[in-house]
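Have a look at the structure below before the remarks.
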Amino acid sequence: MKVLFATYPMAFHTPGGGEIQLLAYKKALEGKGVQVDLFNPWKPNFVEYDLVHFFSCVGGSIHFCNFIRNLGIPLVVTSSLWITEETKELYPYEEISAQLNLSDSIITNSEMESDELSKVLNIEREKFHSVYNAVDELFFNKVDGSLFRNEFDIEGKFVLNVANIEPRKNQLSLARAMQSFDDRKLVLIGHVRDHSYFDAVKAELAPEKIVHIDGIDHYSPLLRSAYDAADVFCLPSTLETPGLAALEAKALGTKGVITQEGSTKEYFGDSVVYCDPSNDYSIREAIKEATSNDDKIVSSKADNLYSWDEAIEKLIITYEETIAEKNFFSQK
């Protein structure tokens, strides 16, 4: 099988969980004998591929998907999206619905995401296939927190957030919640996608109470060391499907405070403390609960955590079924 991966042009300018997922899929699929190429706009060669897999529903993506559709090549789209009836007006949902309808199969990160998108966008449920997000094997091997502390000269207790800096990740509300903790710093690891938003985040806390590190390579031991050094990992996003950083923190046994919005509960069950991302008080109280509750620590690989090799088994099946169905209808 020969598969072409594509995404929107700016995706890897500030890579996040979606881009990590794309590359992890590629590596795992190649380990199973599937040839995966990354789209090269200077040499597309679309017709050489058995299937095209497009990642994201960012505005404008419909044009690429429509082109693939017109070529008659099987098209799979990863949505990585959480839209509800109450929030759909915040998105170009009609364009998103049109883009997803162009695809032959839609990949989601959870059954909850499949159910919600099917209902809100009025797309048949059979078109959706849930492939759970996974954790790289590295994240089941701890690295002592002293490595991170020494590298960045960080002392004392801190709450860790690993995410691109942007409104959806909700670091502003997290910073406001952290005003109540005199004994803890806030450490942010991630690329700045919105500089004015980041300025607002920094304005909420004294300079000595906030540390920003502009991204750490995903496979660096420094990142695993940061999880080990943290008092609590907090991801109070306005939505998550479910957030690779949160899964990595869980794999390493870091106490977690996670948003209640999105498909997080399908992944984390009762192993973390949930917060309402729209309520600073809720985030603050969740951090307090997590720091005082040793039961909210889960580091077992068997506990709803998958490796990428395990996760992509269902993806391969979806590819095979999509190609077979497309070929069947094209021959009729």
Side-chain angles (χ1 to χ4, degrees), residues 11-28 80 109 133-166 168-171 174 178 184-193 198 201 210-237 240-259 264 267-268 271-272 287 290 296-301 303 305-309 311:
F12 280 86
H13 176 64
T14 52
E19 290 69 49
I20 291 171
Q21 181 194 65
L22 184 156
L23 295 177
Y25 275 179
K26 182 178 188 296
K27 181 180 178 182
S80 293
N109 295 145
N133 258 335
V135 178
D136 193 282
E137 293 284 350
L138 283 173
F139 289 92
F140 295 106
N141 301 311
K142 287 189 178 186
V143 175
D144 190 85
S146 61
L147 179 69
F148 176 76
R149 289 185 180 277
N150 293 336
E151 177 71 19
F152 297 102
D153 194 25
I154 296 174
E155 298 179 351
K157 296 179 179 179
F158 66 88
V159 172
L160 176 66
N161 174 271
V162 180
N164 285 319
I165 313 293
E166 59 183 330
R168 185 172 73 86
K169 294 299 183 178
N170 205 26
Q171 288 95 349
L174 175 55
M178 288 298 297
R184 289 182 176 85
K185 296 178 182 178
L186 174 60
V187 175
L188 305 175
I189 299 176
H191 303 291
V192 179
R193 281 187 172 171
F198 184 42
V201 173
I210 184 168
V211 177
H212 174 240
I213 300 164
D214 188 21
I216 295 177
D217 183 81
H218 186 246
Y219 299 101
S220 169
L222 281 170
L223 183 56
R224 284 174 283 151
S225 177
Y227 287 120
D228 188 65
D231 192 32
V232 173
F233 172 82
C234 185
L235 194 67
S237 312
E240 281 297 347
T241 64
L244 288 181
L247 291 175
E248 292 161 1
K250 179 180 179 180
L252 287 164
T254 308
K255 294 179 180 180
V257 171
I258 310 296
T259 180
T264 54
Y267 279 79
F268 298 103
S271 67
V272 299
I287 293 172
K296 298 298 182 181
I297 301 175
V298 177
S299 57
S300 169
K301 182 178 177 181
D303 188 67
L305 291 174
Y306 301 89
S307 69
W308 290 109
D309 284 344

Specify the closest pair of heavy atoms between [X] and [Y], including all atoms of both residues, with the distance to one decimal.
| X | Y | result |
| --- | --- | --- |
| V232 | T254 | C-CG2, 4.4 Å |
| V135 | A251 | CG1-CB, 4.0 Å |
| G256 | V272 | O-CB, 3.5 Å |
| A11 | R193 | O-NH2, 4.3 Å |
| D228 | V143 | CB-O, 3.2 Å |
| K169 | N164 | CG-O, 3.3 Å |

* side chain to side chain contact (heavy atoms under 4.5 Å, CB included) between F152 and I213, worked out -> CA-CA 9 Å; F152 297 102; I213 300 164; 3.7 Å; yes
* **Audit row: E151, S225, side chain to side chain contact (heavy atoms under 4.5 Å, CB included) steps and yes/no** => CA-CA 10 Å; E151 177 71 19; S225 177; over 6 Å; no
* Check N161, I258, V257 against P236 for a side-chain contact (heavy atoms from CB on, under 4.5 Å) and give me the one that passes. => N161
Atom pair [atom1] ([X]) and [atom2] ([Y]), whose distance is rounded to the nearest 0.5 Å:
| X | Y | atom1 | atom2 | result |
| --- | --- | --- | --- | --- |
| K185 | I154 | NZ | CD1 | 7.0 Å |
| I216 | I189 | CD1 | CD1 | 4.0 Å |
| T259 | F268 | OG1 | CZ | 11.0 Å |
| E248 | R224 | CD | CZ | 10.0 Å |
| T241 | N133 | OG1 | CG | 6.5 Å |
| T14 | I165 | OG1 | CD1 | 11.0 Å |

* Classify the angle between the aromatic ring planes of Y227 and F139 as parallel (below 30°), tilted (30 to 60°) or perpendicular (above 60°). => perpendicular
* Asked: Under 30°, 30 to 60°, or over 60°: which ring-plane class applies to F158 and F148, parallel, tilted or perpendicular?
  -> tilted
Are the side chains of [X] and [Y] in touch, meaning some heavy atoms are under 4.5 Å apart?
| X | Y | result |
| --- | --- | --- |
| W308 | E137 | no |
| P15 | I20 | no |
| L222 | L147 | yes |
| V201 | L188 | yes |
| M178 | C234 | no |

* **Side chain R168, main chain E240, donor-acceptor under 3.5 Å** => no
* Would you find a donor on one side and an acceptor on the other, under 3.5 Å apart, between the side chain of H218 and the backbone of G16? -> no
* What about the rings of F198 and H191, do their centers lie closer together than 6.0 Å? -> no
* Asked: Side chains of D309 and S307: donor-acceptor distance under 3.5 Å anywhere?
  -> no
